[in-house]
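Shown next, in structure tokens, is the structure this report addresses.
What you are looking at is a predicted structure, and each value in this text was computed from that prediction instead of being measured.
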Amino acid sequence: MAKGKRGPSRLDLRRQYEAMEAQEREDEELEETDELEDEDLEEDFDEEEEEEEDEEEEEDEWDEDEEEEGLRKKKAKHAKKPAVKRPVREERRRAVWVIFDNTNKRVETFPFHERAKAEAALARRLEEKKGYYYLNLVKDVIGE
């Protein structure tokens with residue numbers, strides 16, 4: 001499945017939203033200036049109507065403040081994306097033959113291709129010394 005753009009990015013949507021808000025603010029300012037001009041023309045303006053408009057403006061301002069705070073809170077809630085973890089580089093290993101004693105201590109080590117020598121050394125140890133020895137294939141990390 002090919003990756004491609006499926007729609008506008010979050011940044012594009014954000015820019016559109018901010019442009020829309022700016023346009024709304026400009027419209028409100030124009031309306032306010034028109035209202036002021038209308039008020040100057042009207043001489044018979046009742047005090048009751050003035051109080052009602054003041055209350056409405058206060059409510060509108062309060063709602064805008066709440067909306068701005070809500071936007072700020074939403075921004076704060078977004079957590080950072082976790083960093084992309086790089087795959088752990090596997091250590092290179094090599095196979096070796098190891099002779100162990102009965103306490104699981106390494107007694108002798110042989111490269112993988114020298115299995116015959118390892119078996120001969122194991123047989124010699126079993127004949128010479130009392131105790132238990134065994135041969136095992138182990139993968140050691142290269143560079144130790």
Side-chain angles (χ1 to χ4, degrees), residues 1-123 125-126 129 131-144:
M1 187 157 90
K3 288 187 178 180
K5 291 193 175 186
R6 297 183 180 143
S9 68
R10 292 176 65 188
L11 184 59
D12 293 337
L13 294 173
R14 177 73 179 177
R15 288 181 183 149
Q16 290 174 359
Y17 179 74
E18 289 174 352
M20 183 180 66
E21 284 184 338
Q23 185 64 37
E24 288 177 359
R25 281 189 223 124
E26 289 176 7
D27 293 342
E28 288 176 4
E29 290 174 4
L30 288 175
E31 289 176 6
E32 288 176 6
T33 55
D34 290 342
E35 288 177 7
L36 292 175
E37 291 173 2
D38 291 342
E39 287 176 7
D40 291 340
L41 296 175
E42 293 180 10
E43 297 175 5
D44 299 329
F45 194 70
D46 294 336
E47 291 180 10
E48 294 176 6
E49 292 177 3
E50 186 176 317
E51 290 176 5
E52 289 176 4
E53 284 184 10
D54 288 341
E55 290 175 5
E56 289 176 2
E57 287 178 9
E58 288 176 5
E59 289 177 2
D60 290 341
E61 289 175 7
W62 186 71
D63 291 339
E64 288 174 5
D65 292 340
E66 279 188 352
E67 289 176 7
E68 289 177 7
E69 289 177 9
L71 290 175
R72 288 184 196 137
K73 289 179 183 178
K74 287 181 183 178
K75 288 180 186 176
K77 288 183 182 178
H78 291 292
K80 291 183 179 178
K81 292 183 180 178
V84 177
K85 293 184 180 180
R86 295 183 182 141
V88 178
R89 185 175 180 184
E90 293 183 17
E91 297 175 333
R92 293 185 61 203
R93 296 178 174 267
R94 63 178 177 180
V96 292
W97 294 105
V98 180
I99 298 175
F100 291 97
D101 63 1
N102 61 348
T103 60
N104 293 331
K105 290 184 182 177
R106 290 183 177 204
V107 178
E108 219 172 327
T109 305
F110 299 91
F112 180 75
H113 64 278
E114 295 181 358
R115 182 176 181 178
K117 287 184 182 179
E119 288 177 348
L122 176 64
R125 285 195 180 271
L126 289 173
K129 299 180 180 177
Y132 182 75
Y133 297 94
Y134 63 96
L135 182 67
N136 202 1
L137 181 65
V138 177
K139 295 181 180 178
D140 284 339
V141 177
I142 295 175
E144 284 188 346

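- How far CZ of Arg93 is from CD of Glu90: 9.0 Å, rounded to the nearest 0.5 Å.
- Interatomic distance, Glu18 CD to Leu13 CG, rounded to the nearest 0.5 Å: 11.5 Å.
- Distance CZ/Arg25 to CD/Glu21: 5.5 Å, rounded to 0.5 Å.
- Ile99 CD1 to Asn136 CG: the interatomic distance, rounded to the nearest 0.5 Å, is 11.0 Å.
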| Test side-chain contact (heavy atoms from CB on, under 4.5 Å) applied to Phe100 and Arg106, step by step | CA-CA 5 Å; Phe100 291 97; Arg106 290 183 177 204; 3.6 Å; yes
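- Separation of atoms CD (Glu91) and NZ (Lys139) is listed at 14.0 Å; rounding is to 0.5 Å.
- Remark: the backbone N or O of Leu137 is not paired with any side-chain donor or acceptor of Trp97 at under 3.5 angstrom.
- Between atom CZ of residue Arg94 and atom CD1 of residue Ile142 there is a gap of 6.5 Å, rounded to the nearest 0.5 Å.
- Inter-residue side-chain proximity for Arg10 and Arg14 is flagged as unmet; no heavy-atom pair is nearer than 4.5 Å.
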| query | Do Val107 and Tyr134 pass the side-chain contact (heavy atoms from CB on, under 4.5 Å) test, and can you show the C-alpha distance, the side-chain angles, and the key distance before you say yes or no? | reply | CA-CA 10 Å; Val107 178; Tyr134 63 96; over 6 Å; no
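- The two residues Ala95 and Phe112 make their nearest non-hydrogen contact at O-CB, 3.2 Å.
- Closest of all the heavy-atom pairs between Leu135 and Ala118 is CD1-CB, 3.8 Å.
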